[in-house]
Each structure stands twice: as C-alpha cells, then as structure tokens.
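Chain letters run A, B, ... following the sequence lines, proteins first and then strands; every chain starts at 1. All of these numbers come straight from a predicted model, not from anything done at the bench.
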Number of protein chains: 2
Amino acid sequence: MKLTILGCYSATPRTFTNPTSQVLEINNHIFLIDCGEGTQVELRRNKIKFSRIQHIFISHLHGDHFFGLIGLVSTFRMLNRDTPLHIHGPKGIKEAITLQLKLSNSWTDYPLYFHELTNTESEVVFEDDKVIVSTIPLQHRIYCNGFLFKEKLGDRTLLINEVENYEIDRAYYRSIKKGKDVILENGTVISNEKLTMPPKPAKSYAYCSDTKYDEAKITLIKNTTVLYHESTFLESHNHLCTRTGHSSAIEAATIAKKANVGALILGHYSTRYENIEMFKEEAKTVFDKVEIADDGKVFEY
Amino acid sequence: MKLTILGCYSATPRTFTNPTSQVLEINNHIFLIDCGEGTQVELRRNKIKFSRIQHIFISHLHGDHFFGLIGLVSTFRMLNRDTPLHIHGPKGIKEAITLQLKLSNSWTDYPLYFHELTNTESEVVFEDDKVIVSTIPLQHRIYCNGFLFKEKLGDRTLLINEVENYEIDRAYYRSIKKGKDVILENGTVISNEKLTMPPKPAKSYAYCSDTKYDEAKITLIKNTTVLYHESTFLESHNHLCTRTGHSSAIEAATIAKKANVGALILGHYSTRYENIEMFKEEAKTVFDKVEIADDGKVFEY
C-alpha cells in the first residue's frame with residue numbers, strides 16, 4: 001500500500017505548497033483522493049500515470065479539495081483517454097463539472113460516470129474482488145465524507161511440503177487456498193490449518209479530511225492500518241477548530257489513539273504555520289505513531 | 001506600459017509551463033487578462049499584489065483560459081479582500097463561478113460584478129479618465145473576444161518659460177494644459193501651440209487569443225503599440241490552424257504587418273514544440289519587430 005501526497009495544505013495554493021490531493025495505490029488500484037487546484041501538475045511531477053486513475057473520490061466541495069477536478073477531466077480528454085472515469089463526490093459535483101464542459105462546448109470522449117453522495121450514514125461506494133471503499137461521514141461546515149479503503153483478504157498460502165506429503169492432487173489446490181479441508185481417499189480428513197498459512201493481513205487506509213473532532217467515526221476506522229486525519233491547527237489556535245469545522249493535531253491524535261490505528265498521518269495544515277514539525281510534536285504527546293504529510297512525500301505500508 | 005506573462009502555453013498546465021494568463025499595467029491600472037489553472041500561484045510568483053487587480057478580462061470559456069478564475073475569486077475572499085472585483089467575460093461565466101461558490105456554501109465578502117459579453121461587434125467594456133478597454137471579436141471555436149487597452153491622451157505639457165514670459169496667471173494653467181488659447185488683458189490671442197508641447201503619445205495594447213487568421217480585426221488594432229497574437233502552430237502544422245481555430249506564427253506576423261503595429265508578441269504555443277524560438281524565426285520572415293512570450297517574462301513599452 002503506497003500513499004503519495006500531492007498536496008496537504010489548507011485554503012489556497014501557494015508557490016511551494018498545494019491544496020489537498022493524494023494518490024493511494026492499494027491492491028493494484030490507483031485511487032485519487034480530492035483534487036485541489038494544480039493537482040494535474042502534481043500528478044505529472046510525481047510521475048503518476050494519468051490513465052491508471054479510474055476512480056476519483058472527492059470529500060467535499062470546498063475549493064481546496066475540488067477546484068482542480070475540471071482541469072483534470074479536461075486534460076484526460078486532450079490526452080485522448082478512452083478508459084472510463086468514475087467520480088465519487090457530493091451531490092452538485094456533476095452539475096459543476098458538466099456546466100463547465102458545456103460552456104467550453106466540449107465533452108469527454110471517454111465514459112465519465114458521476115456517483116453523487118448524499119447519505120449521512122456510511123455506505124459502500126466501490127467494491128470489486130480486491131478492494132472495498134466506503135464513506136466515513138465527517139462533520140465539517142458543509143456535507144463531507146472521508147473514505148475507508150480496505151484490501152480484501154487474499155487466499156491462504158499453501159504449505160507446499162505438506163500438500164505434497166499427503167500426495168494431494170493439484171486439482172484441489174485452489175479450494176485448499178480458499179480454506180477448504182481435504183478428505184483423502186482413505187477417508188482421513190486433513191484440516192486446512194495443516195496445509196496452509198493465513199493470507200497476508202488485509203491493509204486499510206482511512207482518509208478523514210475535513211472534519212472537526214468527532215468520535216462518531218471511531219467505530220468505522222477501528223484498527224485501520226493507516227489513518228490520515230486533518231490537523232489544520234496547533235493547540236495555540238484550538239479555539240478556531242469548532243468554528244471552522246477543523247481539528248487540531250492533538251484532536252487528530254486522540255481519534256487515532258481511540259481507534260487504535262496502526263499509524264497516523266497528519267495534514268491539511270493551515271498556511272499560517274511556517275514549521276509543520278510542530279504538528280508532529282503536539283500529536284506525539286497523545287499518540288506515538290505519527291507521521292506528517294508534506295507535498296511530494298510517499299508513505300509505504 | 002508593462003506586460004507580465006504568467007502563462008502562455010495552450011491546452012494543459014504542465015510542470016514547467018502554464019496556460020494563458022497575463023497582467024497588463026497601463027496608466028496606473030492593473031488588468032488581469034485570462035486566468036488558466038494555476039494563475040493565482042503565478043501571480044504570487046511574479047509578486048503581483050492581488051488587491052490591485054480590480055478588473056479581470058476573460059477571452060473565452062476554454063479551460064486553459066479560465067479554470068483558474070474560481071480559485072482566484074475564492075482566494076480573494078480568504079485574503080479578506082474588500083475592494084470590488086469586476087469580471088468581464090462571455091455569457092455563462094457568472095453561472096460557472098456562482099454555482100461553484102454556492103456548492104461550497106460560500107460567497108465573496110467583497111463586491112463581485114460580472115459583465116457578461118455576447119456582442120459580436122467591438123464594444124467598450126471599461127472606461128475611465130485614464131484608459132479605455134474595448135473588445136476585439138475573434139474567430140475561434142467558441143465565442144471569443146480579444147481586448148484592446150488604450151491609454152487616454154494626457155494633458156499637454158506647459159512650456160513654463162513661455163507662460164511666465166507672457167505673465168499669464170496660474171489660474172489659467174489648467175485650461176492651457178487642456179489645449180485652450182489665452183487672451184491677454186490687452187486683447188492679444190496667444191495660441192496654445194506657443195505655450196505647450198503635445199502630450200506623451202497614448203500607448204495601446206491589443207490582446208488577441210485565441211483566434212484563427214482573420215483580417216476583420218485589423219482595422220480595430222491598426223497602429224497599436226503592441227499586439228499579443230496567438231501562434232499555436234509552426235508552419236509544419238499550419239494545416240491544423242483552420243480546424244482548431246488557431247493561428248500559425250506566420251499568420252500572426254501577417255496580421256501584425258497589415259495592422260502596422262509597433263511590436264508583436266507571440267504566445268499560446270502548442271505544447272508539442274520543445275523550442276519556442278522557432279516561432280520567432282518563422283514570424284520574422286514576415287514582420288521584423290517580433291518578441292516571444294514565455295512564462296515569467298516581462299515586457300515594457
């Protein structure tokens with residue numbers, strides 16, 4: 001599982017910092033999460049192949065999370081994309097994108113599907129045999145969802161010495177990897193545990209931005225491998241959190257601790273701060289496994 | 001008169017090139033012309049004070065000329081702008097911007113005025129005592145205007161030795177600068193030419209992008225100090241000009257020559273070309289006073 005941070009600052013793009021966007025590679029999928037202005041340039045800079053992005057998840061319709069989407073949709077067309085693109089985001093996103101395409105008298109030559117979200121309960125928004133993606137309802141100033149990306153458990157691993165020892169026909173290997181026991185010709189049952197090891201643990205990634213401190217989501221993200229949680233403010237400005245619908249570094253760390261996640265990545269820093277290391281320092285007073293996002297940084301798990 | 005090129009490449013923003021946007025400083029005004037994605041970052045990079053921009057002129061609603069506008073409008077709000085902003089552009093621009101503001105449940109705290117254009121004849125879109133701005137109807141795939149910025153002639157310059165020689169009262173200086181003759185107490189008429197020099201010549205700037213080769217605009221831009229004319233293609237691709245509604249370097253130079261402009265600046269290069277110097281070389285075969293735009297370049301006249 002690999003996470004590339006294209007942008008992780010709040011509010012406005014600046015000369016050396018970008019608004020929110022990130023790329024998650026998980027079980028052979030590449031997902032784009034949020035798409036602030038300039039995202040397409042950051043995709044190029046980070047050498048992410050445009051054509052591999054088939055799903056884009058937009059948390060909410062504040063500009064620093066979606067103003068780059070129309071440019072990306074248009075560029076895909078200019079690059080002669082032909083594979084489908086799915087955009088998952090709040091209701092209204094379709095109108096915003098299609099209006100702008102209409103005004104330029106253009107349309108996409110590739111299939112473009114909008115999956116508009118209105119639910120305030122968690123729901124599955126994408127699923128195949130490798131990954132399941134569901135929403136994490138967040139509390140912000142406008143309708144907003146985080147997203148939980150979960151690998152599906154793979155097959156169990158054959159203990160090849162054991163299956164050969166029992167002279168099991170290869171025709172049974174597939175069902176054994178799926179967890180089935182084996183009955184030998186003499187009637188002896190060989191339990192699956194003797195023939196296989198458990199599959200690699202399924203990894204998961206929870207993206208929570210933007211949100212004020214809200215414990216309601218903890219059950220959804222419990223034991224997640226990695227949690228990205230916004231931390232717009234340091235403690236010195238924690239009085240701004242409630243009013244603006246954002247979290248402090250300590251609040252993000254508190255959620256991480258209560259959800260017992262494997263690691264916490266902080267981001268969505270207010271551009272008032274010159275030194276983002278302070279976010280890590282403050283979060284560490286609550287939760288130890290903290291990383292800080294920065295534009296262009298890559299995390300692997 | 002000072003022109004700062006924020007971006008001058010066509011189609012999509014890339015790591016080191018930007019779509020169209022430029023800043024014209026003329027007679028104490030600062031005008032932003034077109035606003036491709038990333039313009040607000042280029043404004044910062046070129047140290048243009050956001051608050052000094054009160055008028056934005058958008059040629060047409062293709063993304064590489066206006067996808068940066070919503071971000072700039074939003075950023076102005078976040079920077080607590082309170083001065084009015086006027087946006088001049090094709091009909092539809094208001095709906096595109098206001099829809100996106102509405103979706104983010106926000107509005108500008110500063111007065112925002114849209115001046116939507118539908119006229120296919122040239123018309124005055126802004127005028128005060130210093131400058132007059134009018135449209136230059138262009139032939140592109142969608143409704144498109146260039147803009148002609150003209151300084152107004154200033155006052156004539158007093159020849160101070162002469163007015164003192166005639167012992168003319170200071171109370172008359174203002175009217176003399178405006179071109180009035182003077183009648184002395186003894187009835188003698190002193191013609192204005194004896195007392196003043198002509199004002200500095202008024203400068204003018206014509207922005208023509210995007211457009212195919214079209215001589216109809218020549219009368220509008222005749223004798224302009226500087227013409228910026230798009231040159232998307234080199235001769236090797238001139239077969240694409242008509243189909244795409246764009247011009248070649250030689251076509252831009254031909255317009256410049258026929259309009260007898262003082263200087264020609266080329267821009268809006270297709271991103272297929274690695275070396276933009278070729279645009280200058282080809283244009284020079286037709287018109288000598290050619291400059292080539294590039295991102296971050298500043299021209300002064």
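Put simply, CZ on B:Arg81 and CG on B:Asp109 are 12.0 Å apart, with the number rounded to the nearest 0.5 Å. Expressed to the nearest 0.5 Å, how far OH of B:Tyr228 lies from CG of B:Leu3 amounts to 8.5 Å.
The contact between B:Thr15 and chain A is made by backbone and side chain atoms together, counting heavy-atom distances below 4.5 Å. Looking at A:Thr39, only its backbone comes within 4.5 Å of chain B, counting heavy atoms on both sides. In this structure, chain B has heavy atoms under 4.5 Å from both the backbone and the side chain of A:Leu103. Neither the backbone nor the side chain of A:Phe16 comes within less than 4.5 Å of any heavy atom of chain B. Using a 4.5 Å cut-off between heavy atoms, B:Tyr143 makes no contact with chain A at all. The parts of A:Glu95 that come within reach of chain B are both its backbone and its side chain, each placing non-hydrogen atoms under 4.5 angstrom from that chain.
For B:Lys217, the NZ atom counts as densely surrounded, since its 6.0 Å shell holds more than 12 non-hydrogen atoms of other residues, nucleotides or ligands. Applying the 6.0 Å contact sphere to NZ of A:Lys94 captures no more than 12 heavy atoms from other residues, nucleotides or ligands.
Of the listed residues (A:Gly63, A:Gly36, A:Ser106, A:Ala11), the greatest number of heavy-atom pairs within a distance under 4.5 Å of chain B belongs to A:Ala11. Among the candidates A:Thr75, A:Ile142, A:Ile70, the residue making the largest number of heavy-atom pairs closer than 4.5 Å to chain B is A:Ile70. Looking only at heavy-atom pairs under 4.5 Å with chain B, the residue among A:Arg141, A:Gln100, A:Glu42 that has the most is A:Gln100. For the set B:His65, B:His62, B:Lys102, B:His60, the count of heavy-atom pairs under 4.5 angstrom toward chain A peaks at B:His62.
Looking at B:Cys241 and B:Lys212, their side chains never come closer than 4.5 Å, going by heavy atoms from C-beta outward.
No donor-acceptor pair under 3.5 Å is formed between the side chain of B:Ser248 and the backbone N or O of B:Leu234. Of the possible donor and acceptor atoms, none in the side chain of A:Glu37 sits under 3.5 Å from a partner among the backbone N and O of A:Pro13. A donor-acceptor contact shorter than 3.5 Å is absent between the side chain of B:Ser21 and the backbone of B:Gly7.
When ring centroids are compared, B:Tyr273 and B:Phe279 come within the 6.0 Å threshold. The aromatic ring centroids of B:Phe126 and B:His115 lie 6.0 Å or more from each other.
Along residues 46-53 of chain B, no residue comes nearer than 4.5 angstrom to chain A, judged on non-hydrogen atoms. Within residues 86-93 of chain B, the residues having any heavy atom less than 4.5 Å from a heavy atom of chain A are, in residue-number order, B:Lys91, B:Gly92.
Among A:Asn18, A:Thr4, A:Leu6, the one residue that satisfies the side-chain contact (heavy atoms from CB on, under 4.5 Å) test with A:Asp295 is A:Asn18. Applying side-chain contact (heavy atoms from CB on, under 4.5 Å) to A:Glu230 and the options A:Ser10, A:Ser209, A:Ser59, A:Cys208 leaves one that passes, A:Ser209.
Taking each heavy atom of B:Tyr269 and B:Leu266 in turn, the nearest pair found is OH-O, 2.9 Å.
Ring geometry for A:Tyr207 versus A:Phe147: interplanar angle under 30°, hence parallel rather than tilted (30 to 60°).
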